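When a residue number appears, it is its place in the shown sequence, counting from 1. Since the model is a prediction, treat every value here as computed from it, not as a measurement.
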Amino acid sequence: MKLLKYAIYRLLQAIPVLIGISVITFLLANLGPGDPVSLMLQGQEHSEELVRAIEQKYGLDKPLHERYLTYMAGLLQGDLGQSIYYERPVTGLMLDRIGPTLLLVLSAYAFALVTAIPLGIIAADRRNEPTDHASRITALVGVSTPSFWIGIVLILIFAVELPNFPWPLSLLTAIPGLPLPSSGLVYPWRPPSAYRGINGHIELYYQTIRHLLLPMIALGTLQMATIMRVERTQMIESLQGEYVKLARAYGVPERTILRKHAFQVAQLPIITIVGLNLSTALGGAVLVETVFNINGMGQLFVSAIQQNDYQLVMGVTMMLGVLFVVGVIITDISYAYVDPRVTYGEQE
């Protein structure tokens with residue numbers, strides 16, 4: 001019951017945050033330089049009557065506060081307005097693009113967790129040994145390097161300079177290595193007509209993984225480095241705890257101490273890091289999608305800024321803001337679920 005109250009409390013707290021995001025986004029989009037109507041009619045002969053008709057169609061002739069209230073009224077009904085550049089509803093445009101972005105972000109997180117947690121545990125278990133030094137250098141490089149730069153380097157190495165890189169599977173099967181695609185993404189939920197039957201679906205998922213591999217690593221490296229550093233630090237603290245010393249005194253095997261005692265305690269900060277880094281991952285996805293030419297929310301956002309399509313800019317920003325707030329709420333609730341001492345407004 002306490003957990004339910006805590007979840008409701010966190011949801012209520014998110015309302016003013018989302019209103020604040022909407023106000024800031026609306027002001028930045030509407031008070032920024034550039035005129036969307038001029039960009040829309042660029043290169044075309046047009047009259048003042050046509051300009052006024054377009055402004056009236058999109059509500060640009062109304063006062064700022066009235067436009068904001070109209071926008072918020074539509075937002076509450078799931079209507080994010082009409083894109084000036086694409087001349088389509090913003091909601092439909094974003095629903096078409098959200099899938100590739102979620103696929104990229106979730107796969108990057110999966111890559112980060114699968115690699116960072118074991119590496120962090122090994123580094124803590126072998127503290128101040130060469131393995132630990134190597135992991136710390138890797139984490140430092142990963143945290144310091146922008147995701148788009150990692151993406152460009154990966155393309156140069158695996159898609160340009162070493163297209164026949166001998167992957168482990170290639171070595172086992174004696175099949176020559178295949179170049180990894182440097183752009184695009186094959187979507188498993190929208191299979192083209194070429195992928196029919198069981199063999200077609202196997203080929204579809206294989207192509208999806210091939211196209212996803214490089215952008216996933218590019219986006220997930222920062223998350224991997226951050227989680228690995230936190231995991232190492234938390235594991236070292238856990239291994240120095242009194243309960244671990246007591247377990248060792250009772251003769252509990254080191255592997256059991258590592259897996260059952262130290263590991264479970266060290267995971268709480270990881271939940272926080274994963275949730276709070278969601279905004280970083282979403283922001284990095286914008287650049288990674290541009291580098292790898294993935295038709296997701298990132299490319300849509302860049303296109304909206306270039307075309308000064310303020311309705312689309314606001315829609316994408318609001319959706320990213322909502323995803324971030326939802327991620328933080330899920331993190332807090334997960335934290336409270338794992339550690340029942342964290343409850344609504346109190347900590348024992």
Just wondering, more than 12 heavy atoms not from I198 lying within 6.0 Å of its CD1?
-> no
Taking all heavy atoms of F292 and all of A218, pick out the closest pair and write down the distance.
->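 Looking at all heavy atoms of both residues, the shortest contact is CE1-CB, 4.1 Å.
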Pairing residues for Q207 by the side chain to side chain donor-acceptor pair (under 3.5 Å) criterion, not counting sequence neighbours |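 Q207 satisfies side chain to side chain donor-acceptor pair (under 3.5 Å) with E203, R210 once adjacent residues are dropped.
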Residues 65-73 side chain polar contacts: donor-acceptor under 3.5 Å, at least two apart:
residue: R67; atom: NH2; partner: N30; partner atom: OD1; Å: 2.3
residue: Y68; atom: OH; partner: S22; partner atom: OG; Å: 2.8
residue: T70; atom: OG1; partner: E66; partner atom: O; Å: 2.8

Could you list the donor-acceptor pairs under 3.5 angstrom formed between side-chain atoms of residues 114-127 and any protein atom two or more places apart in sequence or on another chain?
residue: T115; atom: OG1; partner: F111; partner atom: O; Å: 2.7
residue: T115; atom: OG1; partner: A112; partner atom: O; Å: 3.2

Residue pair E289 / N295, side-chain donor-acceptor N/O under 3.5 Å |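 Their side chains do not contain a donor-acceptor pair, so the 3.5 Å distance test is not met.
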Is it the case that one hydrophobic cluster holds both V186 and I209, taking links as side-chain heavy atoms less than 4.5 Å apart, direct or via other members?
-> no
Between V244 and R248, is any pair of side-chain heavy atoms under 4.5 Å apart?
-> yes
Between the main-chain N or O of G184 and the side-chain N or O of N293, is there a donor-acceptor pair closer than 3.5 Å?
->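 Checking the backbone N and O of G184 against the side chain of N293, no donor-acceptor pair under 3.5 Å is found.
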Please examine the side chains of V316 and M297, heavy atoms only from C-beta on, and report whether any two atoms are closer than 4.5 Å.
-> yes
Interatomic distance, OG1@T91 vs CG@D96, rounded to 0.5 Å, equals 11.0 Å
With side chain to side chain contact (heavy atoms under 4.5 Å, CB included) as the test, would you mind laying out the steps for V328 and R10 before giving the verdict?
-> CA-CA 9 Å; V328 171; R10 293 294 293 119; 3.7 Å; yes
Looking only at heavy atoms, the pair that brings G142 and T221 closest together is CA-CG2, 3.9 Å
Considering only heavy atoms from C-beta outward, does the side chain of F301 approach that of T317 to under 4.5 Å?
-> yes
Euclidean distance, I152 CD1 relative to I155 CD1, rounded to 0.5 Å |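 I155 atom CD1 to I152 atom CD1 measures 7.0 Å (nearest 0.5 Å).
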Over 12 foreign heavy atoms within 6.0 Å of OH, Y205 |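 Atom OH in Y205 is not packed in, count stays at 12 or less.
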Looking only at heavy atoms, which two atoms of L219 and A281 are closest? And how far apart?
-> CD1-O, 3.5 Å
Decide whether M94 and V326 are clustered together by the hydrophobic rule: side chain heavy atoms of Ile, Leu, Val, Met, Phe, Trp, Tyr closer than 4.5 Å, transitively.
-> yes
Please report the shortest heavy-atom distance between V141 and T145, naming the atom on each side.
->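 Closest approach of V141 to T145: O-OG1, 2.6 Å.
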T290 side chain near F148 side chain, heavy-atom distance below 4.5 Å |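 Of all side-chain heavy-atom pairs linking F148 with T290, none is under 4.5 Å.
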Decide side chain to side chain contact (heavy atoms under 4.5 Å, CB included) for M228 and M224; before the verdict, give the C-alpha distance in whole Å, the side-chain angles of both, and the deciding distance to 0.1 Å.
-> CA-CA 6 Å; M228 185 166 65; M224 183 269 288; 4.2 Å; yes
Residues at least two apart in sequence or cross-chain that pass side-chain contact (heavy atoms from CB on, under 4.5 Å) with L76, listed by chain then number, are none
Honestly curious: do L222 and L323 fall in one hydrophobic cluster under the side-chain, below-4.5 Å linking rule?
->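 They do not share one cluster, since no chain of ILVMFWY contacts under 4.5 Å joins L222 to L323.
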Rounded to the nearest 0.5 Å, how far does CZ of F26 lie from CG of L64?
-> 4.5 Å
Results of side-chain contact (heavy atoms from CB on, under 4.5 Å) for L18 - residues two or more places apart only =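 Result, side-chain contact (heavy atoms from CB on, under 4.5 Å) vs L18: I21, V322, V325.
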Any idea which heavy atoms bring L312 and S83 closest together, and the distance?
-> CD2-OG, 4.2 Å
Among the clusters formed by ILVMFWY side chains lying less than 4.5 Å apart, do V143 and V230 turn up in the same one?
-> no
Side chain to side chain donor-acceptor pair (under 3.5 Å) contacts in which one or both residues fall within residues 226-239, not counting sequence neighbours | D132-R232, E231-Q267
Between CE on residue M216 and CG on residue L154, distance to nearest 0.5 Å =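 Nearest 0.5 Å value for the CE-CG distance: 10.0 Å.
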Gap between atom CG of L212 and atom CG of L103 - 0.5 Å precision |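 Answer rounded to 0.5 Å: 5.0 Å.
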Mind checking the OG1-CE spacing from T25 to M318? Nearest 0.5 Å is all I need.
->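 If we round to the nearest 0.5 Å, T25:OG1 and M318:CE are 6.5 Å apart.
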Indicate, with yes or no, if I294 and L102 share a hydrophobic cluster defined by side-chain heavy-atom contacts under 4.5 Å among Ile, Leu, Val, Met, Phe, Trp and Tyr.
-> yes
Shortest non-hydrogen separation from N128 to H133 and the atoms involved | O-NE2, 3.3 Å
Between S144 and L140, is any pair of side-chain heavy atoms under 4.5 Å apart?
->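 Answer yes - side chains close enough.
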Flag side-chain contact, heavy atom, 4.5 Å: Y86 against S303 = yes
